[in-house]
*Asks:* 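Below you'll find the structure I mean.
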Amino acid sequence: MQVKYLDLAQQFSNPKLWQQVQKQLEQAQFILGEAVSLFEQDFAKLCGSQYAIAVNSGHDALFLAMKALKIGQGDEVITAPNSFIASAGAIVATGAKPIFVDVAEDYNINPNLLEQAINKHTKAIMPVHLTGNPANMPMIMDIAKHHKLAVIEDAAQAVMATIEDQCVGAWGDAGCFSLHPLKNLNIGGDGGVITTNLPEINETLRLLRNHGLKNRDEIAFFGYNSRLDSVQAAIARFGLEHLAEITSTRREHAQLYDEGLQALTKCITFPPRNVSSHPVFHTYVIQVEEREALMRFLEKRGIESKIHYPIPIHLQTPCYNMGYRMGDFPVCERQAKKIVSLPVHQYLTKEQILYVINNIKEFYIDR
Ligand SMILES: *Cc1c(COP(=O)(O)O)cnc(C)c1O
C-alpha cells in the first residue's frame with residue numbers, strides 16, 4: 001500500500017473544477033472583477049469577519065496587513081520561532097524586527113511569556129495558529145489591549161478553526177491566510193487572503209494590493225501589485241464549497257490516529273486537545289522517540305511523513321546576525337527534534353490510516 005503525504009493530482013483532476021476555470025477564461029476577466037469580489041464575500045462570511053481582501057500569497061497577506069497597520073523600520077513584532085519561515089520573513093520585509101517568544105506544549109506562542117518581550121518598540125503580536133490549532137487568542141487579545149498593540153493572526157494553516165466559537169482571523173486587527181497548494185483551502189498557484197473588521201484597514205489594503213490606485217489614473221500612495229488572479233479566485237471559490245467536508249474528513253482522520261495509537265502513549269506525544277477550540281488539522285503532528293528511524297521505516301512501507309519544521313526560525317542563518325542563538329527557545333528546540341507530521345489529507349481512506357497506525361505500532365512494539 002502507498003500512503004502519499006498529499007494528493008493534489010486527485011483534487012485538480014476534477015472536471016467540475018475545470019468548468020469553473022473555463023468559464024473564467026472565457027469571460028477574459030483576469031484581474032480583480034466579480035470572481036475576486038465573490039470569493040472575498042464568501043470568505044469573509046466563512047470567517048465571520050466584516051471584510052476579506054484577496055492578495056497573491058500568504059506572505060503578502062502578512063506583509064500588507066502590517067503595512068496597513070503602519071508597522072515598519074524601528075518597530076518590533078512578536079511572533080513564534082517554530083513557524084513556516086514566511087511569518088518572520090514578512091516582518092523583516094516591512095523593515096521591522098521579529099522578536100521571538102517560545103511556544104507552549106501546544107506548539108503555539110506561550111502567552112505567559114509575552115509581557116516580558118514587550119518594550120517601547122513593540123508594535124504588534126503575530127500569533128501563528130500552527131498545525132491548524134488556534135493559539136490562545138483570548139489571552140493574547142487581553143495582553144495586546146492592555147499594551148495597545150496590534151494583533152496580526154497568521155492563520156495560514158488554520159482556515160475554519162475556531163476558539164471559543166469564533167473563527168481564527170476574526171480575533172485580531174487582521175487575519176492572514178494562504179491559498180498555497182499545500183493548505184487546506186488551496187488553489188493552483190500562489191494566493192492569500194486577509195480578514196479584518198476595521199473599515200479603514202480594509203480600504204488601505206485594497207489600495208495597497210493594487211499599486212495604490214484609487215481610480216484608473218490616480219494613486220492615493222505608492223503601493224504594490226499583490227492581487228489574487230481572477231482564475232485562481234474562481235478555483236478558491238470552488239474550494240470553499242468543499243471546505244467544510246475537507247475539514248471534517250481531516251478531523252475524522254486525526255481522531256482515528258488518536259484512538260489507534262493510544263497503546264503507544266509512552267513513545268508518542270499526541271496533538272493538543274483543548275475543550276474550547278476546534279482545530280482543522282492542516283498537519284497531524286506527533287512527537288516521537290527515534291524519529292529518523294521511524295520515518296525510514298514508514299518510507300520502506302510506502303508511507304510518506306514530513307517534519308514541520310526541522311529548523312526553528314531563530315536558528316536560520318540571518319537570525320544569527322540578529323543575535324539569536326541555540327538555547328534561546330528550549331521548548332521549540334526540543335519539539336523540533338521530535339516532531340513528525342503524518343499524512344492526514346482528505347483523500348486518504350480509513351484503510352490507509354489504519355495501515356499507518358499498524359506500521360507505527362509494529363515499529364515500536366513488535367520490533
Ligand atoms: C504557508 C504559510 C505561510 C505563507 O504562505 P504563502 O502563501 O506560501 O506565502 C505563512 N505562514 C504559515 C504559518 C504558513 O504555513
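Read the numbers this way: they start at 1 and go in the same order the structure lists the ligands and their atoms.
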*Asks:* Report yes or no: does K183 have a heavy atom closer than 4.0 Å to ligand 1?
*Replies:* yes

*Asks:* Look only at interatomic distance and state if L130 has a nitrogen or oxygen under 3.5 Å from any nitrogen or oxygen of ligand 1.
*Replies:* no

*Asks:* Would you call K23 and E34 a salt bridge, using N to O less than 4.0 angstrom?
*Replies:* no

*Asks:* Quick check: do H129 and Q157 have side-chain heavy atoms less than 4.5 Å from each other?
*Replies:* no

*Asks:* Need the ligand 1 atom indices (1-based, order shown) with element for anything under 4.0 Å from a heavy-atom of S87.
*Replies:* 11 (N)

*Asks:* Numbering the atoms of ligand 1 from 1, which are under 4.0 Å from a heavy atom of V128?
*Replies:* 13 (C)

*Asks:* As an exercise, identify every atom of ligand 1 less than 4.0 angstrom from a heavy atom of S83.
*Replies:* 13 (C)

*Asks:* Is ligand 1 under 4.0 Å from a heavy atom in the side chain of S57, in the backbone, in both, or in neither?
*Replies:* both

*Asks:* At what distance is the nearest protein heavy atom to atom 11 (N) of ligand 1, and which residue and atom is it?
*Replies:* D154 OD2, 2.7 Å

*Asks:* Do any nitrogen or oxygen atoms of S178 come within less than 3.5 Å of a nitrogen or oxygen of ligand 1?
*Replies:* yes

*Asks:* So is Q157 polar-close to ligand 1, meaning N/O to N/O under 3.5 Å?
*Replies:* yes

*Asks:* Tell me whether D229 contacts the main-chain N or O of V231 through its side chain, where contact means a donor paired with an acceptor under 3.5 Å.
*Replies:* no

*Asks:* Could you check atom 4 (C) of ligand 1 against the protein and tell me its nearest heavy-atom contact, residue, atom and distance included?
*Replies:* A86 CB, 3.6 Å

*Asks:* Contact between ligand 1 and G192 is defined here as a heavy atom of the residue under 4.0 Å from a ligand atom; is it met?
*Replies:* no

*Asks:* State, with a plain yes or no, whether a side-chain heavy atom of L207 is found less than 4.5 Å away from one of T204.
*Replies:* no

*Asks:* Is it the case that the ring center of H253 lies less than 6.0 angstrom away from the ring center of Y257?
*Replies:* no

*Asks:* Are P312 and F329 close enough that some pair of their side-chain heavy atoms sits under 4.5 Å apart?
*Replies:* no

*Asks:* Has R209 got its NZ or CZ under 6.0 Å from the middle of the six-membered ring of Y224, at an angle within 45 degrees of the ring axis?
*Replies:* no

*Asks:* Please report which non-hydrogen protein atom sits nearest to atom 8 (O) of ligand 1, along with the residue it belongs to and the distance in Å to one decimal place.
*Replies:* H180 CD2, 3.7 Å

*Asks:* Do M160 and L243 have side-chain heavy atoms sitting under 4.5 Å apart?
*Replies:* yes

*Asks:* Okay, side chain of Q166, backbone of A170: is any donor-acceptor separation there less than 3.5 Å?
*Replies:* yes

*Asks:* Atom 9 (O) of ligand 1: which protein heavy atom is closest, and how many Å away?
*Replies:* H59 N, 2.8 Å

*Asks:* Which residue and atom name correspond to the protein heavy atom nearest atom 3 (C) of ligand 1, and how close is it?
*Replies:* F84 CD2, 3.6 Å

*Asks:* Find all atoms of ligand 1 within a distance of less than 4.0 Å from any non-hydrogen atom belonging to A156, and give their numbers and elements.
*Replies:* 2 (C), 3 (C), 10 (C), 11 (N), 12 (C), 14 (C), 15 (O)

*Asks:* Answer whether the closest heavy-atom distance between the side chains of E304 and E299 falls below 4.5 Å.
*Replies:* no

*Asks:* Pull out every atom of ligand 1 sitting under 4.0 Å from any heavy atom of G58, numbered as shown with elements.
*Replies:* 5 (O), 6 (P), 7 (O), 9 (O)

